[in-house]
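See structure below.
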Amino acid sequence: MTDAPAAPDAPASEALLKNPPPPKTETQVRFLTPNMCRIHLGNLGALHVTVLNEGIYGGVYAAYAFPVAHPNGYISLLYTAGEKDFEIGLIRNLDEFPADAADLVRKALRRRYFVHIVKRIVNIGWKYGLIAMDVETDKGPASFFMRWSSDRAVDYGQRGKVLMDLDNNRYLIPDVEALDEDERAEFQRYIYW
């Protein structure tokens with residue numbers, strides 16, 4: 001296995017994007033810092049990462065390693081070359097980066113993990129053999145159906161639940177105990193696991 005090329009010039013950066021160097025090992029983790037990389041928008045508003053002495057990576061996307069335990073850290077920045085994804089590196093703590101760069105990563109995460117945060121349960125009951133819910137979310141009122149199955153209501157942290165409707169849209173209740181007493185009682189009549 002060969003090492004990555006050293007400090008490419010501008011034309012070589014183009015080649016790097018088309019033929020990225022292989023990772024030194026499959027399990028090697030590189031932590032990204034503001035001193036070694038710059039996160040910015042590139043062509044057509046796509047997220048780009050410029051790594052010092054390495055090159056520019058375009059069409060970058062962000063993914064959580066631990067979304068519940070570390071919502072502001074351990075964020076992987078990746079790009080696709082051909083049919084394979086490559087990790088540029090891992091952000092240990094997003095607050096270490098300049099505000100504009102951190103905001104770009106947060107926006108990328110919101111696009112990838114589109115979730116409705118449930119503020120209030122208006123109604124819950126059975127309809128057509130499914131659980132029907134009317135809720136108030138951070139994005140406004142919503143109505144959805146979900147199957148009565150443990151894989152459709154999964155734990156989120158210590159006291160929350162992520163609900164998945166028939167179209168795999170996600171509805172997050174960050175803390176079931178924080179719901180109004182009547183709402184919580186009704187919710188737990190249907191989803192008690």
Side-chain angles (χ1 to χ4, degrees), residues 32 39-49 58-80 85 90-193:
L32 300 173
I39 301 167
H40 54 97
L41 290 180
N43 299 343
L44 305 174
L47 189 63
H48 282 48
V49 176
V60 173
Y61 65 96
Y64 283 117
F66 305 104
V68 176
H70 300 281
N72 201 46
Y74 297 98
I75 298 165
S76 179
L77 297 183
L78 306 113
Y79 71 100
T80 304
D85 291 343
L90 201 65
I91 295 174
R92 191 184 311 256
N93 183 350
L94 201 50
D95 291 335
E96 295 172 355
F97 282 79
D100 58 335
D103 189 47
L104 290 173
V105 173
R106 286 186 182 101
K107 285 179 182 175
L109 288 166
R110 280 194 297 273
R111 285 191 301 271
R112 182 174 180 83
Y113 299 99
F114 185 79
V115 176
H116 299 270
I117 298 174
V118 175
K119 295 182 172 189
R120 184 171 163 271
I121 297 174
V122 177
N123 190 30
I124 184 170
W126 292 106
K127 192 169 187 178
Y128 312 120
L130 301 166
I131 296 175
M133 292 186 77
D134 296 316
V135 296
E136 289 289 333
T137 74
D138 60 329
K139 296 165 182 62
S143 298
F144 63 94
F145 291 98
M146 60 181 278
R147 290 192 315 271
W148 188 67
S149 173
S150 61
D151 69 335
R152 302 282 92 189
V154 296
D155 290 338
Y156 179 85
Q158 296 294 317
R159 303 183 337 176
K161 289 284 186 192
V162 176
L163 312 175
M164 287 177 271
D165 72 6
L166 296 177
D167 295 318
N168 288 325
N169 296 310
R170 291 172 175 82
Y171 296 84
L172 169 64
I173 302 174
D175 185 351
V176 173
E177 297 299 316
L179 292 172
D180 172 89
E181 187 176 334
D182 293 335
E183 292 174 40
R184 184 176 62 248
E186 276 299 294
F187 177 79
Q188 291 175 332
R189 276 185 59 208
Y190 296 91
I191 300 170
Y192 47 80
W193 55 88

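Below, each value reflects all heavy atoms present in this structure, side chains not excepted, and no hydrogens, waters or symmetry copies. None of the values given here were measured: they were computed from a predicted structure.
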Open item on the list: As an exercise, state the distance from CD1 of Ile39 to CG of Leu77, rounded to the nearest 0.5 Å.
Closed with: 5.5 Å

Open item on the list: Give me the atom names and distance for the closest heavy-atom approach of Arg184 to Glu177.
Closed with: NH1-O, 3.0 Å

TODO: Look at the side chain of Tyr113 and the backbone N and O of Tyr64, then say whether any donor-acceptor pair between them is shorter than 3.5 Å.
DONE: yes

- [ ] Check whether any side-chain heavy atom of Phe187 sits under 4.5 Å from a side-chain heavy atom of Leu163, and report yes or no.
- [x] yes

Task: Side chain proximity check, Tyr74 to Leu90, heavy atoms < 4.5 angstrom - done: yes

Task: Distance-minimising heavy-atom pair for Arg106 and Asn72 - done: NH2-OD1, 2.9 Å

Task: Ile117 backbone acceptor or donor facing Asp138 side chain under 3.5 Å - done: yes

TODO: Taking the side chain as every heavy atom from C-beta outward, state whether Asp100 and His40 have any pair of such atoms under 4.5 Å apart.
DONE: no

Task: Flag if over 12 foreign heavy atoms under 6.0 Å of NZ, Lys139 - done: yes

- [ ] Drop me the distance from Arg152's CZ to Ile191's CD1, to the nearest 0.5 angstrom.
- [x] 11.5 Å

Open item on the list: I need the Arg147 CZ to Ile131 CD1 distance, nearest 0.5 Å.
Closed with: 11.0 Å

Task: Closest heavy-atom pair and its distance - Ala132, Phe145 - done: CB-CE2, 3.6 Å

Task: Close side-chain approach of His48 to Leu41, heavy-atom, < 4.5 Å - done: no

TODO: Quick one: closest heavy-atom pair of Tyr171 and Ala142, and the distance?
DONE: CE2-CB, 4.0 Å

Open item on the list: Please find the pair of heavy atoms, one from Ala62 and one from Ala108, that lie closest to each other, and give the distance.
Closed with: CB-CB, 4.2 Å

- [ ] Taking the side chain as every heavy atom from C-beta outward, state whether Phe97 and Ile91 have any atom pair closer than 4.5 Å.
- [x] yes

Task: Glu186 and Arg189 ion-paired at < 4.0 Å - done: yes

Open item on the list: Salt bridge check, Asp182 against Arg120: does any charged N sit closer than 4.0 Å to a carboxylate O?
Closed with: no

Open item on the list: As a test of understanding, state which of Gln158, Arg159, Lys161 forms a side-chain hydrogen bond (donor to acceptor under 3.5 Å, both in side chains) with Asp175.
Closed with: Arg159

TODO: Look at the aromatic rings of Trp126 and Trp148 and report parallel, tilted or perpendicular, splitting at 30° and 60°.
DONE: perpendicular

- [ ] Give a yes or no on whether the backbone of Ile173 and the side-chain of Tyr156 come within a donor-acceptor separation of less than 3.5 Å.
- [x] no

- [ ] Answer yes or no: is there a donor N or O on one side and an acceptor on the other, between the side chain of Arg170 and the main chain of Val115, under 3.5 Å?
- [x] no

TODO: State the CG-OG distance between Leu130 and Ser149, to the nearest 0.5 angstrom.
DONE: 11.5 Å

Open item on the list: Within this structure, what is the CG-CZ distance for the pair Leu32 and Arg92, rounded to the nearest 0.5 Å?
Closed with: 10.5 Å

Open item on the list: Could you tell me if the side chain of Val135 sits less than 4.5 Å from the side chain of His116, heavy atoms only?
Closed with: no

- [ ] Could you tell me the separation between the OG1 atom of Thr137 and the CZ atom of Phe144, rounded to the nearest 0.5 Å?
- [x] 9.5 Å

- [ ] For residues Thr80 and Tyr61, determine if any side-chain heavy atom of one lies less than 4.5 Å from a side-chain heavy atom of the other.
- [x] yes

